[in-house]
Amino acid sequence: MPKPWNKLIVALDLTSQKKIKEVIKTLSPKVKKFKVGLIAYTRFGPKIINWAKEAGADVFLDFKLYDIPNTMIETAKTFIESGVWAFTVHLKAGQEALESLKGALTKEARLRKKRRPLIIGVTELTSQKASLNKVLQLAEVARKSKIDGVVCSVWEAKQIKEKFGLCTITPGIRAKKEGDDQKRIATVKDALKNRVDYFVVGRPIIKEKDYLKAANQILAV
Ligand code: C5P
């Protein structure tokens with residue numbers, strides 16, 4: 001079976017500029033999407049977005065915005081200018097806030113003749129136990145507010161796709177039980193069986209010496 005490189009998003013959760021650049025350089029011939037979160041962004045700022053884009057990859061900005069509408073809108077407007085592929089918001093922000101965020105970003109993107117980044121709502125963190133029902137309730141907020149997709153675990157992805165047709169992005173990917181902070185974990189094979197659109201892998205790749213070998217290995221399990 002061909003390896004699903006096109007579904008892999010590698011999380012650049014690193015504090016060394018040298019390592020971040022190495023990961024991008026080593027993996028970008030095959031990996032087309034990198035996730036930038038607070039660990040790296042608070043140290044290096046918007047230039048990380050350019051490091052990934054210069055390597056021909058898309059950026060998934062994971063700040064999990066959760067604030068009043070005006071703060072989320074004004075923050076997210078800068079993502080249009082920096083050309084990120086997608087960014088996360090927290091679904092607990094609610095339907096009204098998310099609808100106004102999408103409306104404001106669509107308008108701004110049109111005005112600037114740029115692409116609107118995808119808005120991806122975070123359901124429950126994969127580091128916590130959560131009932132399917134709770135995750136589906138949050139995913140329904142995403143559908144009602146007509147944003148583009150959700151972050152969930154592999155174990156909710158199929159139902160979310162069937163019920164709401166949203167794009168699903170799933171962290172918590174492990175080849176085996178690692179004993180770390182992730183709780184709702186799954187393998188890449190589980191992810192494919194559950195029809196996820198993308199899966200996020202951080203530490204199982206970026207903490208290894210040979211990033212390409214580690215990525216190859218996790219994609220095979
Ligand atoms: O290292 P690991 O593979 O656990 O990385 C998973 C990444 O996905 C981390 O950057 C984490 O912040 C992020 N994430 C998550 N669970 C969510 C949303 C984002 O693990 N629900």
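From a predicted model like this one, the values you see are computed outputs, not experimental measurements. Just so you know, ligand 1 is whichever comes first in the structure, and atom 1 is the first atom listed for that ligand.
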Ignoring hydrogens and geometry beyond distance, is a side-chain donor-acceptor pair present between D181 and S127 at under 3.5 Å?
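Short answer, no.
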
If you count every heavy atom of other residues, nucleotides or ligands that lies below 6.0 Å from Q137 atom CD, does the total exceed 12?
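Count over threshold, so yes.
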
Would you call the rings of W85 and Y198 parallel, tilted or perpendicular, taking 30° and 60° as the class edges?
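Because their plane-to-plane angle is over 60°, the rings of W85 and Y198 count as perpendicular.
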
Give me the ring orientation class for W51 and F44: parallel if the planes are under 30° apart, tilted from 30 to 60°, perpendicular past 60°.
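Plane angle between 30° and 60°, so tilted.
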
For ligand 1, the portion of V151 having any non-hydrogen atom under 4.0 Å away
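Under 4.0 Å from ligand 1, V151 contributes side-chain atoms alone.
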
For D13, which part has a heavy atom under 4.0 Å from ligand 1: side chain, backbone, both, or neither?
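Only the side chain of D13 comes within reach of ligand 1.
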
Nearest protein heavy atom to [atom], by residue and atom, and its distance?
atom: atom 18 (C) of ligand 1; answer: K64 CE, 3.4 Å
atom: atom 13 (C) of ligand 1; answer: K35 NZ, 3.5 Å
atom: atom 16 (N) of ligand 1; answer: T126 OG1, 2.9 Å
atom: atom 17 (C) of ligand 1; answer: P171 CG, 3.6 Å
atom: atom 20 (O) of ligand 1; answer: Q182 NE2, 2.9 Å

Sub-4.0 Å atoms of ligand 1 with respect to non-hydrogen atoms of [X]:
X: D62; answer: 13 (C), 19 (C)
X: E124; answer: 21 (N)
X: R203; answer: 1 (O), 2 (P), 3 (O), 4 (O)
X: L125; answer: 17 (C), 21 (N)

Counting only nitrogen or oxygen atoms and a 3.5 angstrom limit, does D181 reach ligand 1?
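Min N/O separation from ligand 1 is not below 3.5 Å for D181.
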
Below the 3.5 angstrom mark, is there an N/O of G202, backbone or side chain, next to an N/O of ligand 1?
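Checking ligand 1 against G202, an N or O pair does fall under 3.5 Å apart.
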
Assess whether a salt bridge exists between E99 and K146, defined as any Lys/Arg side-chain N lying under 4.0 Å from an Asp/Glu carboxylate O.
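Salt bridge: no.
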
With a 4.0 Å cut-off, would you call K161 and D197 a salt bridge?
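Here K161 pairs with D197 in a salt bridge, since their nearest N and O are under 4.0 Å apart.
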
Checking the side chain of D190 only, and the main-chain atoms of A186 only, is there a donor and an acceptor separated by less than 3.5 Å?
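Pair absent, no side-chain N/O of D190 close to backbone of A186.
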
What I'd like to find out is whether the side chain of T170 reaches to under 4.5 Å of the side chain of S153, using heavy atoms alone.
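With C-beta onward as the side chain, the pair stays apart.
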
Any heavy atom of K207 closer to ligand 1 than 4.0 angstrom?
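Outside the 4.0 Å threshold, so no.
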
Any non-hydrogen atom of P204 lying under 4.0 Å from ligand 1?
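Yes; P204 lies near enough to ligand 1 that a heavy-atom distance drops under 4.0 Å.
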
Which option out of R184, R174, E178 puts a heavy atom nearest to atom 4 (O) of ligand 1?
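Among R184, R174, E178, the closest heavy atom to atom 4 (O) of ligand 1 belongs to R174.
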
Output, in order, the C-alpha distance, side-chain angles, deciding distance and verdict of ring-ring contact (aromatic ring centres under 6.0 Å, His included) for F87 and F63.
CA-CA 7 Å; F87 68 95; F63 296 165; 8.9 Å; no

Separation of T126 OG1 from E156 CD (nearest 0.5 Å):
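OG1 of T126 is found 9.0 Å from CD of E156.
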
